[in-house]
Asks: 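Please find one structure pasted underneath; my questions will follow.
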Number of protein chains: 2
Amino acid sequence: MPDLDELDTAILAELQSDARKTNRDVAAAVGASPTTTLDRTRALREKGVIRGSVLDVDLDSIGRPVQALITVRLDRPSRARIEDFRDWVSSLPETLAVFVTSGQEDFIVHVALPDNNSLYAFMVDRLTERPEVADVRASIVYEHLRNDRVTPANTRPRKD
Amino acid sequence: MPDLDELDTAILAELQSDARKTNRDVAAAVGASPTTTLDRTRALREKGVIRGSVLDVDLDSIGRPVQALITVRLDRPSRARIEDFRDWVSSLPETLAVFVTSGQEDFIVHVALPDNNSLYAFMVDRLTERPEVADVRASIVYEHLRNDRVTPANTRPRKD
DNA sequence: ACAAACAACCGTATTTAATACGGATAGAAT
DNA sequence: ATTCTATCCGTATTAAATACGGTTGTTTGT
């Protein structure tokens with residue numbers, strides 16, 4: 001597991017505010033040369049620290065303004081059943097993200113839909129049609145805030 | 001509210017699999033010229049359909065492998081109290097994302113921490129120190145899958 | 001019906017960024 | 001001391017992004 005120094009951490013911070021920032025801009029912000037910054041960024045990708053970059057799409061303007069978190073409990077949640085349901089639900093067009101959890105539920109599914117009727121239909125038609133689904137419960141999401149400052153637990157000082 | 005045609009939708013799909021894909025690659029994939037693709041992409045940004053791009057960082061390799069969804073209920077959840085707590089919790093370093101919800105809870109907070117002890121400390125020290133917090137409950141997240149095919153609810157045919 | 005205005009698309013030329021490569025410096029190992 | 005390695009950077013080259021103008025086709029107005 002790679003431990004990261006201050007320069008790596010600074011690069012991650014810059015790219016988190018905007019993953020499409022140019023390498024030159026990142027370099028200027030962190031106070032290193034473009035070459036060094038590119039080397040570091042590539043290394044972070046190769047080490048798997050940076051897994052990719054995701055487009056942040058406004059759900060209202062693509063006609064899906066209603067968000068919900070749907071808690072799902074399975075009947076007899078064996079590994080096979082969990083993985084089956086996980087794969088199925090994560091590929092539905094309504095789904096934004098899937099959390100596989102422990103606790104009182106087995107899944108929490110984040111969905112975005114055009115309106116409340118679609119949400120109701122999704123719950124009672126699509127989810128409940130799966131025989132292994134024992135229970136579902138929806139919480140409407142009014143707001144979804146991301147923290148764009150995801151920092152490493154500990155950072156090694158830069159060897160100067 | 002902008003309705004999007006097939007070309008816009010195709011561009012969004014391409015950039016969702018990798019937000020750093022070059023404009024030329026996107027153009028080749030959607031079957032349009034780089035110029036047209038750049039025009040469209042810029043327009044999508046200006047219209048607010050594309051809000052930005054987020055780096056996908058591997059939480060294990062930055063020393064925060066333990067994820068949880070923490071359900072929070074406030075005492076007397078007025079607007080002011082909700083917004084206060086929202087702003088406070090969303091800026092904590094442990095927080096990845098915050099959902100403001102209706103239902104049996106007021107918030108669902110997605111956090112990433114180094115280990116289970118840190119999670120316990122976060123719950124009983126940090127959250128419970130806030131007087132307006134009436135109740136908290138954690139679900140450990142074993143897996144977090146994102147759907148990288150977030151498509152518009154309806155797409156207008158391209159005027160050809 | 002006709003002309004004007006507009007929208008969508010693309011090609012070319014220019015500017016800017018990404019990349020490859022090699023050199024310099026410094027610390028660690030032998 | 002010398003070699004090895006890691007880190008950083010500058011330069012030259014390649015590739016992409018951008019600005020701009022031209023073409024086509026559709027809508028708008030008279």
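Worth saying up front: this structure is predicted, and the values here are computed from it rather than measured. A note on names: the letters A, B, ... follow the listed sequences, proteins ahead of strands, and every chain is numbered from 1.
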Asks: For residues 127-152 of chain A, which residue pairs qualify under ring-ring contact (aromatic ring centres under 6.0 Å, His included), counting only residues two or more places apart or in two chains?
Replies: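 Passing the test, one end in residues 127-152 of chain A: A:H110-A:H144, A:H144-B:F99.
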Asks: Scan nucleotides 18-22 of chain C against the protein and return all N/O pairs shorter than 3.5 Å with their distances rounded to 0.1 Å.
Replies:
from: C:dA18; atom 1: OP1; to: A:N23; atom 2: N; distance (Å): 3.0
from: C:dA18; atom 1: OP2; to: A:N23; atom 2: N; distance (Å): 3.3
from: C:dA18; atom 1: OP2; to: A:R24; atom 2: N; distance (Å): 3.3
from: C:dA18; atom 1: N7; to: A:R24; atom 2: NH1; distance (Å): 3.3
from: C:dA20; atom 1: OP2; to: A:R42; atom 2: NH1; distance (Å): 3.2

Asks: With a 4.0 Å heavy-atom cut-off, tell me which residues in residues 50-57 of chain B come close to DNA chain D, sorted by residue number.
Replies: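 Going residue by residue through residues 50-57 of chain B, none turns out to have a heavy atom under 4.0 Å of DNA chain D.
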Asks: Hydrophobic cluster membership, with links at side-chain heavy-atom distances under 4.5 Å among I/L/V/M/F/W/Y: are B:I70 and B:L74 in one?
Replies: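 B:I70 clusters together with B:L74.
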Asks: Give every donor-acceptor pair under 3.5 Å between a side-chain atom in residues 40-50 of chain B and any protein atom, sequence neighbours left out.
Replies:
from: B:R40; atom 1: NH1; to: B:D5; atom 2: OD1; distance (Å): 3.0
from: B:R40; atom 1: NH1; to: B:D5; atom 2: OD2; distance (Å): 3.2
from: B:R40; atom 1: NH1; to: B:D8; atom 2: OD1; distance (Å): 2.9
from: B:R40; atom 1: NH1; to: B:D8; atom 2: OD2; distance (Å): 3.1
from: B:R40; atom 1: NH2; to: B:D5; atom 2: OD2; distance (Å): 3.1
from: B:T41; atom 1: OG1; to: B:T37; atom 2: O; distance (Å): 2.7

Asks: Side chains of B:V30 and B:L7: does their closest heavy-atom pair fall under 4.5 Å?
Replies: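 Yes - at least one pair of side-chain heavy atoms lies under 4.5 Å apart.
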Asks: Please determine if a side-chain N or O atom of A:R40 lies less than 4.0 Å away from the OP1 or OP2 oxygen of D:dT7.
Replies: no
Asks: Show every ring-ring contact (aromatic ring centres under 6.0 Å, His included) that has at least one partner inside residues 23-79 of chain B, sequence neighbours left out.
Replies: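 Found none.
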Asks: Within the 4.5 Å heavy-atom criterion, are B:E94 and B:V109 side-chain neighbours or not?
Replies: no
Asks: Per the ring-ring contact (aromatic ring centres under 6.0 Å, His included) rule, what does the pair list look like for residues 57-88 of chain A, sequence neighbours excluded?
Replies: A:F85-A:W88, A:F85-A:F107
Asks: Check whether any side-chain N or O of A:S33 sits under 4.0 Å from OP1 or OP2 of D:dC9, and answer yes or no.
Replies: yes
Asks: Checking salt bridge (Lys or Arg N to Asp or Glu O under 4.0 Å) between B:R51 and each of A:D60, A:D56, A:D148, which is the one that passes?
Replies: A:D56
Asks: Grab the CG-P distance between B:L44 and C:dA8 for me, whole Å please.
Replies: 12 Å
